[in-house]
Amino acid sequence: IDIKENQDFLNLEQINSDFRGIILVFSDDYPVGYITYNCDSEEWEFADSISIDSSYYYSDPDLTDIIDWIRRSMSNVVIKAIKFGK
C-alpha cells in the first residue's frame, strides 16, 4: 500500500510507531478522520474528530488492519500522510 505524502508516496512499511506525523483519511474527496499511533496502548487509532468526547474511533495494533477496516467502511478512500518537522 502506498500512501500519498507531500506529492510523493510513502510505502506503508515506512510508517511505524516512530513515524512523526499524522495520517489523514479522505472519503469522496472529503476529510473524514485521521490515524495516529498511541504509545500508551501501542495501537494505531482512527478518529473522526479532534474532540475526544465526541469522536468515533477504531483501534488496532496493526496499521494495515486499520486501513483495511477504513476501506471496507467508507467509499473512495484516499489516505495521505503528513510528516512533521524534526
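Values below: every heavy atom of this structure, side chains too, minus hydrogens, waters and symmetry copies. Along the sequence shown, residues carry numbers from 1.
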Check the hydrophobic clustering (I, L, V, M, F, W, Y; side-chain heavy atoms under 4.5 Å; chains of links allowed) and say if Tyr30 and Ile82 are grouped together. no

Roughly how far, to the nearest 0.5 Å, is [atom2] of [Y] from [atom1] of [X]?
| X | Y | atom1 | atom2 | result |
| --- | --- | --- | --- | --- |
| Ile22 | Phe84 | CD1 | CZ | 5.5 Å |
| Cys39 | Asp18 | SG | CG | 8.0 Å |
| Asp48 | Ser27 | CG | OG | 12.0 Å |

Are Tyr58 and Glu45 packed together at the side-chain level, in the sense that at least one heavy-atom pair is separated by less than 4.5 angstrom?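 No, side chains not in contact.
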
So, do Ile70 and Phe46 sit near enough that their side-chain heavy atoms are less than 4.5 Å apart?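 Yes, side chains in contact.
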
For the side chain to side chain contact (heavy atoms under 4.5 Å, CB included) test, which of Ile67, Leu63, Thr36 pairs with Ile23? Leu63

Sequence neighbours excluded, which residues qualify as side-chain hydrogen bond (donor to acceptor under 3.5 Å, both in side chains) partners of Ser75? Asp28

Going by atom types only, do Glu43 and Asn38 share a side-chain donor-acceptor pair under 3.5 Å?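 No pair is found: no donor N or O on one side chain lies under 3.5 Å from an acceptor on the other.
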
Heavy atoms only: give me the nearest [X]-[Y] pair and the separation to one decimal.
| X | Y | answer |
| --- | --- | --- |
| Ser17 | Trp44 | N-CZ2, 4.0 Å |
| Met74 | Val32 | SD-CG2, 3.6 Å |
| Tyr34 | Leu24 | CB-CD2, 4.1 Å |

